[in-house]
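We name chains A, B, ... by the order of the sequence lines, and we start the count at 1 in each one.
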2 protein chains.
Amino acid sequence: MSSAQACESLGEPLSRVMTLLGKRWTGVVLATLMPGSVYFSELRRGVPGISDRVLNERLTELIGENLVSRTVIEGPPLRVRYELTEHGYALRPALDQLTAWAQEHLAP
Amino acid sequence: MSSAQACESLGEPLSRVMTLLGKRWTGVVLATLMPGSVYFSELRRGVPGISDRVLNERLTELIGENLVSRTVIEGPPLRVRYELTEHGYALRPALDQLTAWAQEHLAP
DNA sequence: CAAGCGACTTACAAAAAGTAAGTTGCAAAC
DNA sequence: GTTTGCAACTTACTTTTTGTAAGTCGCTTG
């Protein structure tokens, strides 16, 4: 396989992931959803520094990509659960690799 | 291990990686450097859509994190090679996982 | 000797993210 | 029984990042 082909085959799907993960907070939001479903307010607490506005924006995008599902629990009080879909959960090995890499190769 | 602890242990190094990869183009630039060292102009061609300005910015950041090295080749003509360091190259398994995930779980 | 390449740099516009306050529906506190 | 407060957003506005285009400098090629 030539270098150009390697670049192509690596590049195309990779650039699609990076369109998602290349936005601020997306990766951390997904990681925070890994342990299981959470309410909006729990998510916000789990992702220190993110604002309501952006958290909502990221969730909307992830729902649009079928990586996260949204379930309204009619109240009162009304609550909303967010949960990874199968596709979203499948990102776990990749995020684990990134975490391992950071621990070994990224300065604190 | 409690869910809160899991969140912590996954979260801290992950959020450091995402500070890097969460910026536009960073992931694709790193992936493009994987096959070997390249000149600035080759890199630009290898990352369609990126501008000189941002490519330069990303490279400067990556050099600052010791993930990429820069070598000036005195001309004329003067050229500059960019190459992954050991730390940068170590990201390969993670990027491969992301690529594999995109192929299986991300809509084109 | 005009035009172009390589590697940037600069100046300016558009898009994304940050910040803060507002909204709606209810419920416990005073 | 009115104020306070939470949950889940939404809106308006500021700041930061990106995008776009042109400019620079040394040299080379037609």
Nearest to side-chain heavy atoms of [X], which nucleotide of [options]:
| X | options | result |
| --- | --- | --- |
| Val54(A) | dT18(D), dA17(C), dG6(C) | dA17(C) |
| Ser41(A) | dT18(D), dC8(C), dA7(D) | dA7(D) |
| Asp52(B) | dT18(D), dA8(D), dC8(C) | dC8(C) |
| Lys23(A) | dA7(C), dG19(D), dA17(C) | dA17(C) |
| Leu78(A) | dG19(D), dC8(C), dA8(D) | dA8(D) |

Could you state the [atom1]-[atom2] distance from [X] to [N], rounded to the nearest angstrom?
| X | N | atom1 | atom2 | value |
| --- | --- | --- | --- | --- |
| Leu55(B) | dT17(D) | CG | C1' | 16 Å |
| Glu74(B) | dA7(C) | CD | C1' | 13 Å |
| Leu43(B) | dC8(C) | CG | C1' | 14 Å |
| Glu61(B) | dT16(D) | CD | C1' | 13 Å |
| Phe40(B) | dC25(D) | CZ | C1' | 15 Å |
| Glu57(A) | dG18(C) | CD | C1' | 11 Å |
| Leu59(B) | dG6(C) | CG | P | 16 Å |
| Ile50(B) | dC8(C) | CD1 | P | 13 Å |

For a quick test of reading the model: is some side-chain N or O of [X] closer than 4.0 Å to OP1 or OP2 of [N]?
| X | N | result |
| --- | --- | --- |
| Arg70(B) | dC8(C) | yes |
| Trp25(A) | dG18(C) | yes |
| Tyr82(A) | dC9(D) | yes |
| Arg24(A) | dT17(D) | no |
| Arg79(A) | dC6(D) | no |

- [ ] Test for a donor-acceptor pair under 3.5 Å between the base of dT19(C) and the side chain of Arg53(A), counting only N and O atoms.
- [x]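 When only heavy-atom distances are counted, Arg53(A) does reach the base of dT19(C) through a donor-acceptor pair under 3.5 Å.
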Open item on the list: Can you tell me whether the side chain of Asn56(B) and the base of dC8(C) have a donor-acceptor pair closer than 3.5 Å?
Closed with: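 Absent.
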Open item on the list: Checking Ile50(A) against Leu55(A) for the side-chain contact (heavy atoms from CB on, under 4.5 Å) test, could you report, in this order, the C-alpha distance in whole Å, the side-chain angles of both residues, the deciding distance, and whether it holds?
Closed with: CA-CA 6 Å; Ile50(A) 200 171; Leu55(A) 175 53; 3.8 Å; yes
Which atom of [X] lies closest to which atom of [Y], heavy atoms considered:
| X | Y | result |
| --- | --- | --- |
| Met18(A) | Gly27(B) | CE-CA, 3.9 Å |
| Thr26(B) | Leu20(B) | OG1-O, 3.2 Å |
| Pro93(A) | Ala90(A) | CD-O, 3.2 Å |

Open item on the list: Can you work out whether Tyr39(B) or Pro77(A) has the more 5'-proximal nearest nucleotide on DNA chain C?
Closed with: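 First, find each residue's nearest nucleotide; the 5'-ward one identifies Tyr39(B).
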- [ ] Select from Glu42(A) and Arg58(B) the residue whose nearest nucleotide in DNA chain D is closer to the 5' end of that strand.
- [x]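 This one resolves to Glu42(A).
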TODO: Could you tell me whether the side chains of Thr60(A) and Arg70(A) share a donor-acceptor contact shorter than 3.5 Å?
DONE: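 Side chains of Thr60(A) and Arg70(A): no pair found under 3.5 Å.
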Look at all strands and tell whether [X] reaches a base, only sugar-phosphate, or nothing, counting heavy atoms closer than 4.0 Å.
| X | answer |
| --- | --- |
| Arg44(A) | nothing |
| Ser51(A) | base |
| Arg81(B) | nothing |

TODO: State whether Arg58(B) and Glu61(B) are salt-bridged, where the test is any N-O pair (Lys NZ or Arg NE/NH1/NH2 against Asp/Glu carboxylate O) under 4.0 Å.
DONE: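 Answer for the salt bridge query: yes.
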